[in-house]
Amino acid sequence: MLPSTHDRNRSRRRSCHRRKVKCIGDGTKPCKNCVSAGLACTYNAIPQKKGPKGSRAKVLSELRENQRQSHLTQSSPYELTSRSISPQAFSRTPGLLSQDVLDPCIQYFFTNIYSTQPILHRQRLQETVLQMEHSIEAYCTMASLCAYVLFQPSMVLPQTSSFGPNHSTSALGHLLLEETIRARKGYEYFENPTIMTIYTSFFIFCSYFALDRQNAAWSYLRQALTFAHVMNLHEEDTYKDDDFISASRMRRMYWTLFISERFTIEAQVCNPGIDFLQGLRFQKT
DNA sequence: TTATTCGGAAATTAAAAACA
DNA sequence: GTTTTTAATTTCCGAATAAT
């Protein structure tokens, strides 16, 4: 018989949890495991909520919607702008974010944008691409990143892209921006934000900024900053259990948000021509 | 031989659904 | 309102692996 939740929440230590070992010490601090391993003995701050999230019937309707979307896409992959996006459709639009779009967008980001926004790591980003299959959050991150890139004036998709020659690059950007915002409604990103939640909000901010929609951009930037604070990215202790790459990218993300916010305020008040923000709007090669 | 990692089974929990 | 079912998280056993 395991101890009650209350007891476990009290006694469960961060290091023991991470190591998947029983916390020995009768509630004393530091616990024996931490003493023998020479670790700081800290409590897990906020336990996750257990149990199903949202209505269970939602799963069925989501599956139905997925099938409906799939059927529509098979007949006409990109006639989706207005008709397929219903308020209930929280699932992704099949075929919209294809490898044909992802690869050139990622390439463009690291060639032209990374120098001013070094917030992503190429290998980790490829891992996020692989996660898209089962993670709607990963999907939203990649969709918003691609939208941002596609709004860059110098960004041109290769002719081989399945998007086809009849649509402009920025039109696909609009579709992906809408897709991100719609798909995001399908999960509770507010409750437990992750670094991907921040990336998504930031890329939506960048997209709106590129479209010169200042107010929408501003609100998403503030949202990203709020998530960063919820995740304690402003405290160095937050990074101590993360590997070097994750920690450095999170630090860079936090400072990019911080600087973006400062410059956005200045741009709104006195000087719209600041280089940093121009970099968001026009990443010219 | 000892220490550490981590897959995964079991326990626990909370919310939705079913029932009276 | 109560009970049951379901789907989520948490705990930590013990096998596998690494370090000494």
Side-chain angles (χ1 to χ4, degrees), chain A residues 1-70 86-92 121 123-141 182-201 226-233 235 237-250:
Chain A
M1 183 89 174
L2 293 169
S4 72
T5 311
H6 176 76
D7 290 344
R8 273 186 285 105
N9 285 344
R10 287 265 319 127
S11 63
R12 192 68 177 156
R13 303 285 160 65
R14 186 174 178 148
S15 310
C16 295
H17 184 210
R18 174 75 178 78
R19 296 172 64 193
K20 295 188 176 183
V21 293
K22 187 176 183 179
C23 189
I24 312 160
D26 300 325
T28 57
K29 194 180 174 184
C31 70
K32 288 180 183 174
N33 287 331
C34 290
V35 170
S36 63
L39 294 167
C41 190
T42 54
Y43 291 108
N44 263 352
I46 307 165
Q48 297 280 303
K49 263 195 168 182
K50 295 179 179 179
K53 291 175 172 57
S55 167
R56 274 186 257 158
K58 206 171 80 179
V59 176
L60 189 59
S61 57
E62 193 177 305
L63 285 166
R64 286 189 182 122
E65 182 60 30
N66 264 337
Q67 289 195 352
R68 197 178 72 85
Q69 292 283 340
S70 178
S86 68
Q88 295 79 29
F90 292 148
S91 57
R92 65 200 73 184
H121 186 269
Q123 191 184 336
R124 298 289 164 93
L125 196 64
Q126 290 298 344
E127 289 169 13
T128 306
V129 171
L130 294 176
Q131 289 172 26
M132 282 169 45
E133 190 67 28
H134 57 269
S135 165
I136 194 75
E137 188 158 49
Y139 177 74
C140 287
T141 300
R182 186 193 56 78
R184 231 187 173 194
K185 292 173 184 168
Y187 66 98
E188 299 266 344
Y189 59 94
F190 281 103
E191 197 60 43
N192 294 298
T194 66
I195 187 66
M196 281 195 273
T197 318
I198 300 177
Y199 282 142
T200 303
S201 294
T226 302
F227 289 141
H229 281 113
V230 167
M231 289 177 66
N232 282 326
L233 295 194
E235 289 180 9
D237 256 16
T238 306
Y239 307 108
K240 68 173 189 285
D241 289 337
D242 293 298
D243 62 81
F244 177 78
I245 293 170
S246 298
S248 75
R249 289 316 182 270
M250 283 195 281

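Given the structure is predicted, the values throughout are model-derived calculations rather than measurements.
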Study note, to complete from the structure: With the side chain defined as heavy atoms from C-beta on, His17(A) is closest, among dT11(C), dT5(B), dC12(C), to dT11(C)

Exercise for review: State, with a plain yes or no, whether a side-chain heavy atom of Arg124(A) is found less than 4.5 Å away from one of Ser246(A).
Suggested key: yes

Practice item. Rounded to the nearest angstrom, tell me the gap between atom NZ in Lys32(A) and atom P in dA3(B). Key: 15 Å

Check your understanding: Have Thr194(A) and Thr197(A) got a donor and an acceptor in their side chains that come within less than 3.5 Å?
Key -> yes

Practice item. Take the protein atom NZ of Lys20(A) and the nucleotide atom P of dT17(C), then report the distance between them rounded to whole Å. Key: 15 Å

Review point. Which base sits across from dT17(C) as a Watson-Crick or G-U pair, both distances under 3.5 Å?
Key: dA3(B)

Exercise for review: Name the closest nucleotide to the Arg19(A) side chain, picking from dC13(C), dC6(B), dT5(B).
Suggested key: dT5(B)

Check your understanding: Per the atom types in the model, does the base of dG14(C) pair as donor or acceptor with the side chain of Lys22(A) at under 3.5 Å?
Key -> no

Study note, to complete from the structure: Separation between OH (Tyr139(A)) and CZ (Arg184(A)), nearest 0.5 Å, reads 14.0 Å

